[in-house]
Amino acid sequence: MATAIKRLIFDCINQEHRWKITLLQKWEDIIGPMKQNVTLESITNDCIYLGVTHPAWAQELMMLAPMLKRKINTVLQEERVKEIRFRILKTKKPDPTKKNHQDNNSLQEDDPKRYALNNDEYEHLEKVEDNELRASLQKFLIHCKKTKRS
């Protein structure tokens, strides 16, 4: 069933943007062991933005950009990516003066009421006939709410 939904969603996407889905699906294979330090942040018409964990990674990848571009375009089987840009990801450093606040915040994040679905969301979910799919979509919505707040 999941394969059918995946195919249905893929078929709904405009043909000129399908390469972006392929890039997202194969990103881990393309980037390999660097995946812990490099993330695919956004895709535009012919440019991708990579987030890196440290300026040294940005510098290293700038040197490897032509090779990475060739690898991406080979996987896509057409020359779609013409430019790669890099962004240094900001990491939050823990503030030792706010330790109690962080502890309270982490307790709140586990609170299911904090991420409860609203009436409109429940109404739309009720229209989904398949119980397994409905449960998965509900989990996904809650996950989206959690990641949006963090």
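Given the structure is predicted, the values throughout are model-derived calculations rather than measurements.
- In this structure, CD1 in Ile72 is found 13.0 Å from NZ in Lys26, a value given to the nearest 0.5 Å.
- The line from OG1 of Thr22 to CH2 of Trp27 is 14.0 Å long, rounded to the nearest 0.5 Å.
- Counted within 6.0 Å of CG on Asp120, heavy atoms from surrounding residues, nucleotides or ligands total more than 12; the atom is thus considered enclosed.
- With hydrogens and angles disregarded, no donor-acceptor distance shorter than 3.5 Å links the side chain of Lys69 to the backbone of Glu83.
- A 6.0 Å sphere centred on CD of Glu78 holds more than 12 heavy atoms belonging to other residues, nucleotides or ligands.
- Val38 and Ile30 fall within the same hydrophobic cluster, where Ile, Leu, Val, Met, Phe, Trp and Tyr residues are linked whenever their side-chain heavy atoms come under 4.5 Å apart, directly or through other members.
- Residues satisfying the side-chain contact (heavy atoms from CB on, under 4.5 Å) test with Thr74, not counting sequence neighbours, are none.
- The structure places CD1 of Ile84 at 11.5 Å from CG of Asp46, a figure rounded to the nearest 0.5 Å.
- Annotation: Arg134, atom CZ; neighbour count of heavy atoms from other residues, nucleotides and ligands within 6.0 Å is above 12.
- With rounding to the nearest 0.5 Å, the separation of CD1 in Ile48 from CZ in Arg85 is 12.0 Å.
- Nearest heavy atom pair, residue Thr44 against residue Lys20, reads O-CE, 3.7 Å.
- Rounding to the nearest 0.5 Å places CG of Leu141 at 10.5 Å from NE2 of His124.
- No path of Ile, Leu, Val, Met, Phe, Trp and Tyr side chains, each step under 4.5 Å between heavy atoms, connects Tyr49 with Leu61, placing them in separate hydrophobic clusters.
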Test side chain to side chain contact (heavy atoms under 4.5 Å, CB included) on Trp19 and Val81; report intermediate values, then the result. CA-CA 10 Å; Trp19 69 272; Val81 177; 4.0 Å; yes

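- Glu41 CD: more than 12 foreign heavy atoms inside a 6.0 Å radius.
- Between the NZ atom of Lys35 and the CG atom of Asp29 there is a distance of 9.0 Å, given to the nearest 0.5 Å.
- Side chain of Asn73 to main chain of Arg80: a donor-acceptor pair is present (N/O by atom type, distance under 3.5 Å, no hydrogens or angles).
- Both Val75 and Ile43 belong to a single network of hydrophobic side chains, linked directly or stepwise wherever heavy atoms of I, L, V, M, F, W or Y lie under 4.5 Å apart.
- Of the possible polar contacts, none joining the Gln59 side chain to the Ala56 backbone as a donor-acceptor pair under 3.5 Å is found.
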Could you go step by step and tell me if Leu40 and Ile31 meet the side chain to side chain contact (heavy atoms under 4.5 Å, CB included) rule? CA-CA 9 Å; Leu40 182 57; Ile31 203 66; over 6 Å; no

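- Ile88 is listed as a side-chain neighbour of Val52, based on a closest heavy-atom distance under 4.5 Å.
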